Number of protein chains: 2
Amino acid sequence: MRIGELARRAGTTTRALRYYESRGLLPARRGGNGYRAYDEEDLRLLRQIRVLQDFGFELEETRPFVECLQAGHPAGDSCPASLEVYRAKLAELDAMVARLSEVREVLAGQLAQAEAARDALAGAGPGEPRCELVRTGE
Amino acid sequence: MRIGELARRAGTTTRALRYYESRGLLPARRGGNGYRAYDEEDLRLLRQIRVLQDFGFELEETRPFVECLQAGHPAGDSCPASLEVYRAKLAELDAMVARLSEVREVLAGQLAQAEAARDALAGAGPGEPRCELVRTGE
DNA sequence: CTAGACCTTCACCCCGACGTCAACGCCAGC
DNA sequence: GCTGGCGTTGACGTCGGGGTGAAGGTCTAG
């Protein structure tokens, strides 16, 4: 299998594959004409890379999984190094979610407070209180 | 107050202030010598910008708040446009948290499964099962 | 007088994961 | 033998957001 076919079958581009190879992530054998030659196993490696990428892993973080498969293990996450990456990623996600949630709560509070202030002003405002149900914006 | 003092008092840099001005976000009056002249009100605007930036707002998203203050309102979020930005940000954060949480759950499942597979192999493996309680990593 | 703060403009940086040429080689079909 | 479609390499561009750096000049405070 040549680079174009592999790219097509994995739903990526030849440019990406050459990039992976340049990073030492997905080495390719070469035919006599200099063309890269891939097999089904390479397709597995590539799929592993892409699944993890879709989960938000950086390219470097997929390396242990790829190496694990290359070493003949049944799955990319059969090796301790891969499990470590999983754990690190989980911690990273947890931290991110915690940070975002905290900001979210603060903002929700600010919004509620600002809306309350607006409504209070509207109610105590000039003689012609705006009708809340007919706001033109929104 | 000149640019250096304002920067110091707001905990930012003169470069950033000139950048804000170039974006039309924090215009400055000029003295006869061409120097930018700021007052306490500008410090308020700047603090508003920085607070929102710390919450993860983009510069453009802080604009309604700044304009609201410039218009003489008591707070940056006293205007409908600011409230809209709040709501949009909340929705954005919620979407982000949902996406990350989903990935987190999938990964946690993968990790658990991979660990179970490893332990099963260790138990059914060669005659000398590794002691789970003395894992050197961790 | 001189150091430091200020002015302007233009360019550059950071990050990752590629995309986009350019200029060439290889090979199948007609 | 020629065209078209693959393949090769390397160098450079892109995206986005929020700035930073340098050069070269002016102004001010002590």
Side-chain angles (χ1 to χ4, degrees), chain A residues 1-39 42 45-66 85 88-89 92-93 96 99-100 103, chain B residues 1-39 42 45-66 85 88-89 92-93 96 103:
Chain A
M1 181 173 14
R2 292 181 307 186
I3 195 170
E5 185 181 350
L6 179 61
R8 237 173 296 115
R9 290 181 61 185
T12 181
T13 67
T14 60
R15 187 65 192 87
L17 297 188
R18 283 191 268 263
Y19 177 67
Y20 296 162
E21 183 175 10
S22 80
R23 306 279 95 188
L25 195 59
L26 190 64
R29 285 155 299 287
R30 299 300 180 112
N33 51 14
Y35 285 15
R36 291 169 177 82
Y38 301 95
D39 56 21
D42 290 317
L45 302 187
L46 183 50
R47 285 202 211 280
Q48 174 75 78
I49 293 172
R50 303 214 21 95
V51 164
L52 295 176
Q53 283 263 87
D54 289 347
F55 280 154
F57 285 61
E58 291 182 8
L59 218 42
E60 271 313 305
E61 293 174 327
T62 72
R63 194 181 292 276
F65 294 80
V66 175
V85 173
K89 206 65 183 177
E92 196 182 312
L93 285 171
M96 216 175 293
R99 204 157 32 81
L100 294 179
V103 170
Chain B
M1 175 170 26
R2 292 184 308 191
I3 196 171
E5 184 181 349
L6 179 62
R8 236 173 298 113
R9 289 180 61 185
T12 182
T13 66
T14 60
R15 308 281 304 134
L17 296 188
R18 282 191 270 262
Y19 177 65
Y20 296 160
E21 184 176 9
S22 80
R23 309 276 91 191
L25 196 60
L26 190 65
R29 285 155 298 288
R30 300 299 181 110
N33 52 15
Y35 283 17
R36 291 170 178 82
Y38 300 95
D39 55 22
D42 290 316
L45 301 187
L46 182 50
R47 285 202 211 279
Q48 174 75 79
I49 292 171
R50 297 199 44 79
V51 164
L52 294 176
Q53 282 263 87
D54 288 348
F55 281 154
F57 285 60
E58 292 181 8
L59 262 190
E60 271 314 304
E61 294 174 328
T62 70
R63 194 181 293 275
F65 294 81
V66 175
V85 174
K89 206 65 182 178
E92 195 182 313
L93 286 170
M96 215 176 294
V103 170

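Predicted model, so just to flag it, every value in this text is computed and none were measured.
Contacts between residues 54-64 of chain B and DNA chain D, defined by a heavy-atom separation under 4.0 Å, are made by B:Phe57, B:Glu58, B:Leu59.
At distances below 3.5 Å, not a single donor-acceptor pair connects side-chain atoms of B:Asp42 with backbone N or O atoms of B:Leu45.
The interatomic distance linking B:Arg8 (CZ) with C:dG4 (C1') rounds to 12 Å, in whole Å. Atom CZ of A:Arg2 is separated from atom C1' of C:dC27 by 8 Å (rounded to the nearest Å). In this structure, CG of A:Leu52 is placed 17 Å from P of C:dG16, rounded to the nearest angstrom. When rounded to the nearest whole Å, the span between OH of A:Tyr19 and C1' of C:dC15 equals 10 Å. In this structure, CZ of A:Arg36 is placed 14 Å from C1' of C:dG25, rounded to the nearest angstrom.
Distances shown here put every side-chain N or O of B:Thr14 at or beyond 4.0 Å from the OP1 or OP2 atom of C:dC6.
Side chain to side chain, A:Thr14 and A:Arg18 meet the donor-acceptor criterion of an N or O pair below 3.5 Å.
The base of C:dT20 lies close enough to the side chain of A:Arg15 for a donor and an acceptor atom to sit less than 3.5 Å apart.
When each of B:Leu25, B:Ile49, B:Thr12 is paired with B:Leu17, the side chain to side chain contact (heavy atoms under 4.5 Å, CB included) condition holds for B:Thr12 and for no other.
Protein chain B touches strand DNA chain D; the 5'-most and 3'-most nucleotides with an atom under 4.0 angstrom of its non-hydrogen atoms are D:dG17 to D:dT28.
Between B:Tyr35 and A:Gln53, the one whose closest nucleotide on DNA chain C sits nearer the 5' end is B:Tyr35.
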Determine, step by step, whether A:Tyr20 and A:Leu46 satisfy the side chain to side chain contact (heavy atoms under 4.5 Å, CB included) criterion, reporting the C-alpha distance in whole Å, the side-chain angles of both residues, the deciding distance to 0.1 Å, and the verdict.
-> CA-CA 9 Å; A:Tyr20 296 162; A:Leu46 183 50; 3.8 Å; yes
From CA spacing to verdict: side chain to side chain contact (heavy atoms under 4.5 Å, CB included), A:Arg9, A:Met1 | CA-CA 10 Å; A:Arg9 290 181 61 185; A:Met1 181 173 14; 3.7 Å; yes
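You'll find the side chain of B:Leu59 reaches within 4.5 Å of the side chain of B:Gln53, heavy atoms only.
Using a 4.0 Å heavy-atom criterion, one finds that A:Arg30 contacts the sugar-phosphate atoms exclusively.
For B:Glu92 and B:Lys89, the salt-bridge test passes: some basic side-chain N is under 4.0 Å from an acidic carboxylate O. Taking the charged nitrogens against the carboxylate oxygens, B:Glu5 and B:Arg2 have no contact shorter than 4.0 Å, which rules out a salt bridge. Here B:Glu21 pairs with B:Arg30 in a salt bridge; the nearest charged N to carboxylate O distance falls below 4.0 Å.
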